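Take a look at the structure below.
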Amino acid sequence: MASSTPPTLTTSKPYQNHHIQGIQNHHRRTANGHNPHHPSPKVSLHPPPPKTSTANKPPVPATAAPYRNPNFAPLSASKSELAADFSGRRSTRFVSKMHFGRPKANGSSKHSVVAEDALHQLIRCSGDDRLIDSVLLGFQSKLCGSDDYNFLFRELGNRNESSMAIQCFEFAVTRERRRTEQGKLASSMISVLGRLGKVELAKKVFETAVSEGYGNTVYAYSALISAYAKSGLCDEAIKVFDTMKLANLKPNLVTYNALIDACGKGGADFKRASDIFDDMLNNGFQPDRITYNSLLAVCSGGGLWETAMNLFNEMSYRGIDPDIYTYNTLLDVASSGGHMDSAFRIMAEMPTKNIMPNEVTYSTVIRGCARSGRLDQALSLVNEMKYAGIRLDRVSYNNLLAIYASLGRFEEALNVVKEMESTGFRKDVVTYNALLDGFGKQGRYDKVKDLFKRMKTEKVPANLLTYSTLISVYLKGGLYQEATEMYKEFKQEGLKADVVFYSEIIDSLCKKGFVESSALLLDEMTRKGIQPNVVTYNSIINAFGQSTDTGFTVENEQEIKCLPSVIPEGDADKKLDNRDEDRIIKVFEQLAAGKLSIVEKASKGRKEIICVLGVFRKMHELEIKPNVVTFSAILNACSRCSSFEEASLLLEELRLFDNQVYGVAHGLLMGYRENVWVHALSLFDEVKRMDSSTASAFYNALTDMLWHFGQKRGAQLVVLEGKRRQVWENTWSDSCLDLHLMSSGAARAMVHAWLLNICSIVYEGHELPSLLSILTGWGKHSKVVGDCALKRAIEALLSGMGSPFRVATTNIGRFISPGAMVAAWMRESTSIPNLLILQDDRAYPETPRLNHPHLQPLSL
DNA sequence: ATAGGGTTAG
């Protein structure tokens with residue numbers, strides 16, 4: 001396929017990033033691979049045949065077992081890497097997920113009773129180094145070897161006495177003569193520190209051990225790798241691994257497993273993990289269950305559902321039985337990617353394999369349900385869980401109350417809190433943050449203030465998240481005074497802002513229309529050494545053209561410049577240094593004082609595009625990789641442009657970021673549909689690998705943009721392709737059309753196609769169902785300003801055609817008409833089909849050379 | 001050496 005690339009797709013790029021290489025690589029592979037392209041993009045107005053999914057069935061091994069079964073999707077498949085790259089999962093996720101000090105599951109500790117004695121005596125002399133040494137001296141002869149010391153290190157660590165643990169370690173290691181025993185002590189100490197998240201201390205112990213001559217063991221290296229893994233420091237773990245090879249030590253299975261684990265916890269691309277896996281195979285190691293479980297965890301971070309399924313199948317092919325970890329991790333991949341039907345199927349399969357779902361299983365799937373809006377299912381799972389005799393733990397409770405709180409169902413949320421407390425769990429910071437967020441989003445500022453006070457009286461310390469939640473709640477509510485107070489308190493507490501903190505403030509300001517102030521903070525965070533990420537940028541790009549009541553001016557124009565790169569570097573630096581200011585405070589105080597006010601609309605548009613282009617420039621400078629959300633945002637921004645010229649400035653950004661996406665968007669926009677359709681299809685293949693809301697958002701953005709600029713037929717083709725791929729998970733039947741997940745452009749294109757289909761039923765002399773209905777919901781998925789109420793757009797469309805559809809009295813998001821009336825309307829006028837058939841404003845004849853046989857014109 | 005929780009874009 002696609003060997004002759006049209007010129008639009010080969011334009012050179014300002015910088016080659018992995019993403020673009022990923023796409024190219026991917027295409028090379030799939031072109032020869034086992035996963036042939038969609039056979040025919042022939043457009044039909046009829047619903048596609050039900051998708052026959054093979055993803056869930058284990059492939060049948062072709063012949064006698066090869067070393068690696070070629071039937072399985074290659075582990076090093078670049079498509080996985082691409083999907084991970086493209087989907088824009090948050091990179092900070094794993095750090096926030098860590099919980100250190102989780103007690104070890106296997107309770108078979110090999111320590112002696114004496115060790116427990118020693119522990120208690122040691123704890124009593126906390127803080128007195130000499131006393132500690134004398135206690136240790138007293139026990140020296142009675143403690144038996146590394147098992148006892150391991151116990152001491154771990155227990156002291158769990159009691160927040162890691163410096164005492166290290167003292168014990170030093171005591172033991174200096175009195176130990178045997179190298180191997182010293183080595184064991186060191187590995188044990190390293191892994192204890194690692195588990196506590198004290199990776200720097202672990203590293204120190206390791207380095208000392210190496211220089212003293214007892215640390216050069218595969219165990220010490222593996223322990224350090226694992227320590228980095230637990231802190232999500234994948235790069236560091238890999239560095240240790242490389243050093244290990246240089247030191248002529250052979251990694252073992254545990255080393256490899258720890259390294260793969262590091263990839264998962266560090267949010268690395270799947271490619272990295274699979275390279276390690278390949279290296280492992282090449283060195284003659286057979287992967288075990290933990291290897292696969294760790295690989296599955298990498299999929300979870302990258303949202304790689306297909307890859308996870310392949311791995312799961314590959315496991316059974318190798319005869320490795322899944323365990324509860326396998327299932328829970330697999331469920332995590334499914335649930336976090338929105339594949340809830342698969343999640344339920346897998347969960348139902350567990351008991352048949354004699355693996356019973358536990359509280360982790362349930363909370364994983366419940367969370368997935370909640371995220372994909374399946375509230376009823378989430379709640380019935382909670383009941384199922386209770387019925388099965390699985391007690392809710394802290395995570396489950398917090399999970400559940402967060403679901404209620406986020407829906408504004410506070411009574412139920414508070415009931416969960418009560419139940420949680422009656423079970424013996426006190427409210428923790430997670431509980432409070434969820435409640436604050438929930439009440440805040442509903443504008444219940446009285447409750448927010450109340451809760452925050454309660455938090456203090458109950459001595460639950462507020463953390464970074466608490467403050468960032470509060471600040472953005474107040475900003476979005478226009479309570480600038482309160483936002484300022486919270487920010488001041490946050491600084492007083494000595495908490496450090498991070499990228500998420502800034503991003504949230506930036507987003508809140510954007511949502512209030514203060515795009516330029518946001519750009520200012522973007523500038524400041526960079527200077528303070530906090531790297532903005534793609535989410536930060538996407539917030540600002542999304543804000544482009546979103547009109548709000550509030551514009552932006554400053555009393556002193558010189559004071560604020562939104563285009564950091566335009567200011568000569570030196571000047572800008574000097575400005576900041578001279579004042580040593582905190583711009584957040586400055587912006588907040590201006591807001592509170594009402595000094596940021598409305599600006600003339602015409603000049604606002606111009607200012608904004610300059611500002612956003614400056615933001616793009618900085619994104620390039622920092623080499624921040626855009627993701628599909630960025631692309632959707634750019635396309636949505638195009639839809640908000642009033643002129644083609646303005647839109648092309650934005651499209652140019654798309655081109656600089658990604659030629660394939662640009663090629664498709666631009667090609668369809670310009671009417672080169674026939675030439676780019678093959679590329680469009682392969683782009684849609686990529687998009688379909690993402691979670692469903694990401695995928696539908698992209699389709700929505702692309703169709704809105706095409707529709708906005710008059711390429712209605714192109715928009716329709718995209719929509720039909722999306723429908724074929726079940727992007728919107730919606731129904732299309734002869735009696736009902738469900739548009740509720742679609743943007744207004746996509747929905748309108750869809751309505752045309754659907755009515756045309758109805759028309760053909762009528763013209764063929766068949767009877768229509770007695771009632772036809774079109775569901776719109778509330779149209780929150782369209783980003784086109786002034787066009788954003790899907791319902792209104794559809795209403796206008798339907799009435800404009802003189803159709804008999806009317807809003808249902810029982811459901812304002814639904815248009816209905818008796819089938820007979822629709823049939824009468826269609827028969828009445830011969831011009832209906834012409835009304836329904838969409839045309840592109842710009843269309844070019846097909847280039848004969850690229851005339852693909854499957855690109856036939858749409859026919860009735 | 002392996003599993004679930006709270007924060008940012010859509």
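In what follows, every chain begins at residue 1, and chains take the letters A, B, ... in the order their sequences are listed. Just so it is clear, the model here is predicted, and its values are computed rather than measured.
When distances run from any side-chain atom of A:Val500 to the nucleotides B:dG4, B:dA3, B:dT8, the shortest one goes to B:dT8. Each of B:dG6, B:dG4, B:dA9 was ranked by its minimum atom distance to the side chain of A:Val535; first place goes to B:dA9. Here the side chain of A:Asn257 is nearest to one of B:dG10, B:dA1, B:dG6, namely B:dA1. The A:Asp261 side chain lies nearest to B:dT2 when the options are B:dT2, B:dG4, B:dT8. Which of B:dG6, B:dT8, B:dA3 sits closest to the side chain of A:Asn328 comes down to B:dA3. Candidate nucleotides B:dG6, B:dT8, B:dA9 were compared by shortest atom distance to the side chain of A:Asn433, and B:dG6 ranks first. The side chain of A:Glu504 approaches B:dT7 more closely than any other nucleotide in the set B:dT7, B:dA3, B:dG6. Here B:dA1 is the nucleotide among B:dG10, B:dA1, B:dG4 with the atom lying nearest to any side-chain atom of A:Ser226. Of the candidate nucleotides B:dA1, B:dT8, B:dT2, B:dT8 has the atom lying nearest to any side-chain atom of A:Asp507.
You'll find a donor-acceptor pair under 3.5 Å spanning the side chain of A:Ser503 and the base of B:dT8, going by distance alone. Looking at A:Asn358, its side chain comes within 3.5 Å of the base of B:dA3 through a donor and an acceptor atom. Residue side chain A:Thr364 does not reach the base of B:dG4 through any donor-acceptor N/O pair under 3.5 Å, judged by distance alone. Checked by distance alone, A:Ser396 brings a side-chain donor or acceptor within 3.5 Å of a matching partner on the base of B:dG4. A donor and an acceptor atom never sit less than 3.5 Å apart when one is taken from the side chain of A:Asn533 and the other from the base of B:dA9. For A:Thr694 and B:dG10, a side-chain-to-base donor-acceptor distance below 3.5 Å is present, hydrogens and geometry of angles not being considered. No hydrogens or angles were tested; on distance alone, a donor-acceptor pair under 3.5 Å links the side chain of A:Asp393 to the base of B:dG4.
A salt bridge is absent between A:Glu421 and A:Arg426: the closest approach of a Lys/Arg side-chain nitrogen to an acidic carboxylate oxygen does not fall below 4.0 angstrom. Between A:Arg391 and A:Glu359, no side-chain nitrogen of the basic residue sits less than 4.0 Å from a carboxylate oxygen of the acidic one, so the salt-bridge criterion is not met. Look at A:Lys353 and A:Asp321 and you find no salt bridge, because none of the NZ, NE, NH1 or NH2 atoms lies under 4.0 Å from a carboxylate O.
The distance between atom CD1 of A:Ile290 and atom P of B:dA3, rounded to the nearest whole Å, is 10 Å. Following rounding to the nearest Å, A:Ile324 (CD1) and B:dT2 (P) show an atom-to-atom distance of 16 Å. Residue A:Asn636 contributes atom CG, which lies 10 Å from atom P of B:dG10 at whole-angstrom precision. As a whole-Å value, the separation of A:Arg391 CZ from B:dG4 C1' is 18 Å. Summarising the geometry, the separation between CG on A:Leu401 and C1' on B:dG4 is reported as 15 Å, rounded to the nearest angstrom. What separates CZ of A:Phe439 from P of B:dG6 is a distance of 20 Å, to the nearest Å. Taking atom OH of A:Tyr228 as the reference point, atom P of B:dT2 lies 17 Å away to the nearest angstrom. Between A:Met280 atom CE and B:dA1 atom P there is a gap of 15 Å when expressed in whole angstrom units.
Phosphate contact (OP1/OP2 of B:dG6, side-chain N/O of A:Arg367, threshold under 4.0 Å): present. Checking the phosphate oxygens (OP1, OP2) of B:dG10, a side-chain nitrogen or oxygen of A:Lys511 falls inside 4.0 Å. In this model, the phosphate group of B:dA1 is not approached by any side-chain N or O of A:Lys230 to a distance below 4.0 Å at OP1 or OP2. At least one side-chain nitrogen or oxygen of A:Lys265 sits closer than 4.0 Å to the OP1 or OP2 atom of B:dA3.
The only option from A:Tyr292, A:Tyr327, A:Trp305 that meets the ring pair (Phe, Tyr, Trp, His ring centres under 6.0 Å) definition with A:Phe312 turns out to be A:Tyr327.
A:Thr329 comes within 4.0 angstrom of the backbone, heavy atoms only, and of no base. No engagement by A:Ser693 is indicated, since no non-hydrogen atom pair under 4.0 Å with the nucleic acid exists. Within the nucleic acid shown, A:Val365 has no heavy atom closer than 4.0 Å to any nucleic acid atom. A:Asp498 comes within contact range of no nucleotide atom at all, as no heavy-atom separation falls under 4.0 Å. Counting non-hydrogen atoms under 4.0 angstrom, A:Arg394 reaches a base of the nucleic acid.
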Practice task
Verify side-chain hydrogen bond (donor to acceptor under 3.5 Å, both in side chains) between A:Asp437 and A:Thr469, making sure each step is shown before the conclusion.
Solution key: CA-CA 6 Å; A:Asp437 189 55; A:Thr469 302; 4.8 Å; no

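Taking the six-membered ring where the residue is Trp, the centroids of A:Phe452 and A:Tyr432 are separated by 6.0 Å or more.
Within the 4.5 Å cutoff, the side chain of A:Leu470 has no heavy atoms near those of the A:Phe490 side chain.
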